[in-house]
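Below you'll find the structure, written out as structure tokens, and then a few comments.
Because only heavy atoms are used, hydrogens play no part in the values below, and waters and symmetry mates are left out as well, while side chains stay in.
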Amino acid sequence: MAGIWLIIAFPLTGANDSVLLLGRCPVESASVLISGNFLDTDREDIIVIEKLGQLKLSLINAQEMAVVPIFRLVLLTVGGRGWEKVWCSPPMIGQASAKVNIKPHSWTAGDVDGDSVLELLLVQSDSWAIVDFRDDITATEPFPLTCGTVLDVACADIDLDSTLELITLEQIKDSLGNSLGIRVWRFAPNGLAPGSELLPLPKEAIGLNLSFLGACRLEDYPGLPVLLLAEHPTIRPSVYAVLFSAGIDSFAITTNPFPYEDWFKRDEVLPAGRLVIFNIGDTLIAYGYFVPGARPGGPKESFAFLSEAEWHLLEFKDWARRLSGQICPFNYQGKSGFLELRERTFYFYPDVPFYYRH
């Protein structure tokens, strides 16, 4: 019986919207929860990143050293016997390896074949492949990819034309050194076809740590824009940008929807670092590190909504005040809510855990 957890979901509060304890995570060091219908359309599962360690790498005769994380992706499903591992990827390396000319791994998820079940897309600069979890788990042979060094990827129907696009964050070496940009690709029968030129990043994002946060609806912007995070190495307000459809076969990048300051302010709510994003209607909601924050005496994580280029904090409901771990939207037994991973234990919140009036 070692390694098997029996799930008995029971409420942790007496309120109608009770938090459910869903058992222990079988991955010891897990981060970044991504939920979706990976196995079938009747239930949601999650993919987590399992940290495996790190490498210290440097170029020959170079003083700069890169600390490169090693990780793998793990698909988890929940049932009567608890959380179980369904699939694990081979070891992968993070984008810091690009500093020493080693191509990093990137990944994203999307319904590429239109069967209402998500596939996993794995990218490593000169090739990409699709992992399909439905029925037997299968992976395609790698498709060639001609572009710069891919640092991160996202998948979304940006222009809402019922076809997905793959978005790559790329580093290009040229005579002036390294330049960064974003490119849109369209899926074709034999691979990918360019959907845009390399779009330059906003100047505010240059020199920072870059990654995609995902796609969302955003007031005054058509389709499903993709959010980009530019994060300082120290705790300072981050830069957030958005890639959006600017017309037929046209895309643009802007930071206009988001406030930005060089440092935190007492009279303005500003986020830092990676945010979990989702929508209520067309309003963008985010969970993450906000200053001043909704709970000055408690955990730093807060919820906030974006309106007219300003973030507004949301008050936690009484039954959700302990929420402070990693979260993702999640559907459990037909109920939409949020899944939290805190201290290697999963909790399910069967409703929005904050009061929302907008």
With hydrophobic residues grouped by side-chain heavy-atom distances under 4.5 Å, do [X] and [Y] end up in a single group?
X    : Y    : result
L218 : L243 : no
V123 : L73  : no
L275 : F264 : no
V74  : I46  : yes
L160 : F278 : no

Does any part of the side chain of [Y], heavy atoms only, come nearer than 4.5 Å to the side chain of [X], both counted from C-beta?
X    : Y    : result
L22  : W83  : yes
R322 : Y347 : no
V117 : L39  : no
I34  : W107 : yes
I182 : V226 : no
D40  : F133 : no
L339 : Y332 : no
V291 : I235 : no

Just by distance, do the side chain of [X] and the backbone of [Y] share a donor-acceptor pair under 3.5 Å?
X    : Y    : result
R295 : E315 : no
D111 : S116 : yes
Q95  : L210 : yes
D45  : S35  : no
Q326 : V32  : yes
N331 : E44  : no
E119 : I130 : no
S97  : I102 : yes
H105 : Q124 : no

Classify the ring geometry of [X] against [Y]: parallel below 30°, tilted from 30° to 60°, perpendicular beyond 60°.
X    : Y    : answer
F244 : Y221 : perpendicular
W128 : F143 : parallel
F354 : Y356 : perpendicular
F258 : W311 : parallel

Looking only at heavy atoms, the pair that brings A294 and S302 closest together is N-OG, 2.9 Å
Nearest heavy atoms of G148 and I172, plus distance in Å | CA-CD1, 3.3 Å
Value for CG (L284) from CD (E219), rounded to nearest 0.5 Å, stands at 9.0 Å
If you measure from CG on D126 to NZ on K103, what distance do you get to the nearest 0.5 Å?
-> 3.5 Å
I167 pairs by side chain to side chain contact (heavy atoms under 4.5 Å, CB included) with which of L199, L228, I158?
-> I158
Ring centres of Y287 and F338 under 6.0 Å apart?
-> no
Evaluation steps, salt bridge (Lys or Arg N to Asp or Glu O under 4.0 Å), between E261 and R236 = CA-CA 9 Å; E261 299 288 345; R236 290 175 53 187; over 6 Å; no
Which is it for T345 and E343 under the side-chain hydrogen bond (donor to acceptor under 3.5 Å, both in side chains) test, yes or no, and what are the steps along the way?
-> CA-CA 6 Å; T345 301; E343 297 178 352; over 6 Å; no
Distance-only donor-acceptor check, side chains T138 and D132, under 3.5 Å = no
